[in-house]
Amino acid sequence: MDSATVISTSGVAQLARRGDIGILTIDSPPVNALSQKVCAGLYEGLNALLADAGVRAIVLTCAGRTFFAGADISEFNKPLDGPDLYAVLGVMEGAQKPIIAALFGTALGGGLEVALAAHYRVASQNAMVGLPEVQLGLLPGAGGTQRLPRLVGAAAALEMIGFGKPVGAGRALALGVVDEICAEGAQLAAALAFARRAIDGKWPLRRVQDDDSKLLADRGNTALFAEFRKKNARAFAGFKAPENIVKAIEAAVALPFAEGMKREAALFGELVTSDESEAQRYVFFAERAVSKIPGLAPQAAPRKLAGIGVVGAGTMGGGIAMACLDAGYVVTLVEQTQEALARGLGGIRRNYQAAVDKGRLSAAQLEEKLARLTPVLEMEALRDADLIIEAVFERMEVKTALFAKLDAIAKPSAVLASNTSFLDLNEIAAATRHPERVVGLHFFSPANVMKLLEIVRGAQTGDDIIATAMAFGRKLGKIAVLAGVCHGFIANRAMHPRTAAAEALILEGPLPWDVDRALMAYGFPMGVFSMMDLVGLDVIGWDAATSKSETVQERLCEAGRWGQKRGGGYYDYDEKRVATPSPVAARIIHDVAAARGMKPRGFTDEQIIARLLYPVVNESAKLLEEGIALRASDIDIALIYGYGWPVYRGGPMMWADQVGLAKVVAGLEAQNITPCAPLREAAATGRKLHTL
Ligand code: 3H9
């Protein structure tokens, strides 16, 4: 192909010509987000090519790794300075020359909306396209909700925009989102050839907004939308954006384009200023910040890991082994007795079999995974492992004895990790001759499912070990959060006050189901009492030998109400483990409260939430102050992925800022809890807690 002649390069925009075809290339690393600068470049570049009498068609593309990946998320709610995205789209749709967008990489959000305002779209075969705004608590606000349905029909648009999952180029072609796909990386050549045909064939200027033929069938079809809402009510609960998206697509079907655009703008306006979207946009950046560890020695490269050893085949060890197998590792699983090993293996096989039964895994994949697992009774089998993860009984002397042994067996380059949830990692590391190779890998149960992995850095843990652990977490598909050593690390320590507050609160009036209902209405997937029943009341700090019938938990446990496994705890459970409020538990609570002279009173859901979650905010601020967490947003991420803190609340730090720190401080004081100094200082000075 003849090379193009560059006409000008200014800022992010390069203008070039190949014969009578103009090429506008935007170059704004890393992902060509549509910042104000990019919009200005697009606006001026397009206008220049449109004004150039020698140009008869325009190809629009990007340099670098991707076509525009969306609006610049960091610029929402910033004052506008220059032409915005709407102005760019106006120029495109008013153009009297065909504009062909050449897509590659990830054409997402505003990026796809730009492409939809072009007359034609050509995509590299490995490109992904989509409107993922819902994941940021938004809707596609640059015509996406009006143009995409015109190309793909209302039902497909509901799926694509409602869930925000990008589709591959092949599917995009089948749906009608793009007009042609080409070999990987050949999008510019293909778009130029496409433009040539458009010029020579005098093709009409095909504006998406002008053709609503695919929408006609659904005009008046209210059932389509009602069913979509009903089917997804659970998935969408608590989120604001999905409902506005459905409304916007309803408008696309029912209204002329210009009116639909006005409706979209109003619905977008509601979302962009909402707390939910502010929280979700923050989480987007927080998720990316969490993997950045400042101050690591530049030469601290991750070690290569191939073989993983797991010591302990209980629930945690089994889950960890599965997580490693799922990531493609070769795993050696060690237990002390044949019986325990067989039980652990049985559990792993059963879990995989359940996935096969649900069609999520093939029988061949199951066998392939198990073929990479070597169950053994001898610790010496770990001599070649690159990483050994201990998941044995949570007692210090057990762990130190094991680490001393591992230290002698493991090869010098091996990383030694403990899955302890509460114990002092430094003491564990001190049992070895090389504490610098000891790290905490704190998985959450079930370890093969839960996304959070806390990487615990001991006083002597080497930088390269931290780098290795972070890379390992990524390979497992986890969100790895770095934590310092303290009792409970980040997630468990931050959430402990919630449990303590809940246990105290039920003596004051609200019953466990009232508390759980308030938490679920707030957005947690499960209430705190349901959670305790699930884990087992007997294993969370109860000892039959010392039980004195003083607390509700003691009374429940003494009565054999150990939770779900016993058919009753705070709730009663039927044979299918369906919970109902328990009159027995209510009586015990009443009796314990009466014995302490407490009289029940009413609490609103808001008061229950303040009572339970303000102490979490306080503990989180302490974690930050003590340097246990690197940044506030790491705590938010840990609680979102470890405890199901609703993403549209942004975690405790973001939520506290939205509630108002003065209110949180006053609420804590009303509970006789002293707000920690940084929280008080932030409230007094107007500083935000939720920094990235
Ligand atoms: C929208 O378009 C609204 C419209 O309807 C218009 C309404 C008017 N903005 O993820 P990565 C940064 S909403 C700003 O690590 P990957 C990111 O923070 C938007 N920055 O790479 C990171 O920075 P750093 C709809 C962004 O290869 C760096 O780029 N679009 C944006 O794993 C690399 O990102 C979306 O929701 C952005 N839009 O994944 C798409 N995107 O290096 C959001 C990325 O400093 N983006 N950055 O940490 C993504 O899904 C992924 O970033 C992508 C690349 C798949 C593109």
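When a residue number appears, it is its place in the shown sequence, counting from 1. It should be emphasised that the depicted structure is a prediction, and the values quoted were computed from it without experimental measurement. Read the numbers this way: they start at 1 and go in the same order the structure lists the ligands and their atoms. For the numbers below, each heavy atom of this structure counts, side chains included, while hydrogens, waters and symmetry mates do not.
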ask   = Between Asp72 and Lys78, is the closest basic N to carboxylate O distance under 4.0 Å?
value = no
ask   = If you measure from the Lys or Arg side-chain nitrogens to the Asp or Glu carboxylate oxygens, is any gap between Lys369 and Asp326 under 4.0 Å?
value = yes
query = Between Glu113 and ligand 1, is there a nitrogen or oxygen pair with a distance under 3.5 Å?
reply = yes
remark   = Across all chains, not counting sequence neighbours, the ring pair (Phe, Tyr, Trp, His ring centres under 6.0 Å) partners of Phe225 are none
From the options [options], select the one whose nearest heavy atom is closest to [atom].
atom: atom 19 (C) of ligand 1; options: Thr66, Val114, Leu89, Leu136; answer: Leu136
atom: atom 43 (C) of ligand 1; options: Phe67, Phe76, Phe284; answer: Phe284
atom: atom 16 (P) of ligand 1; options: Glu264, Arg288, Arg65; answer: Arg65
atom: atom 53 (C) of ligand 1; options: Val134, Thr106, Asp72; answer: Thr106
atom: atom 25 (C) of ligand 1; options: Gly143, Gly109, Pro140; answer: Gly109
atom: atom 7 (C) of ligand 1; options: Phe268, Phe285, Phe68; answer: Phe268

Sequence neighbours excluded - side chain to side chain donor-acceptor pair (under 3.5 Å) pairs with any residue from residues 235-246 = Arg229-Glu243, Asn244-Glu270
request  = For the residue pair Glu287 and Tyr641, confirm or rule out a side-chain donor-acceptor distance under 3.5 Å.
outcome  = yes
remark   = Counting heavy atoms under 4.0 Å, the part of Pro132 that contacts ligand 1 is side chain
Nearest neighbour in protein (non-hydrogen) for atom 31 (C) of ligand 1 = Val31 CG2, 3.9 Å
inquiry  = With a 6.0 Å cut-off on the ring centroids, do Tyr522 and Tyr648 count as close?
reply    = no
remark   = Here the atoms of ligand 1 under 4.0 Å from any heavy atom belonging to Tyr86 are 8 (C)
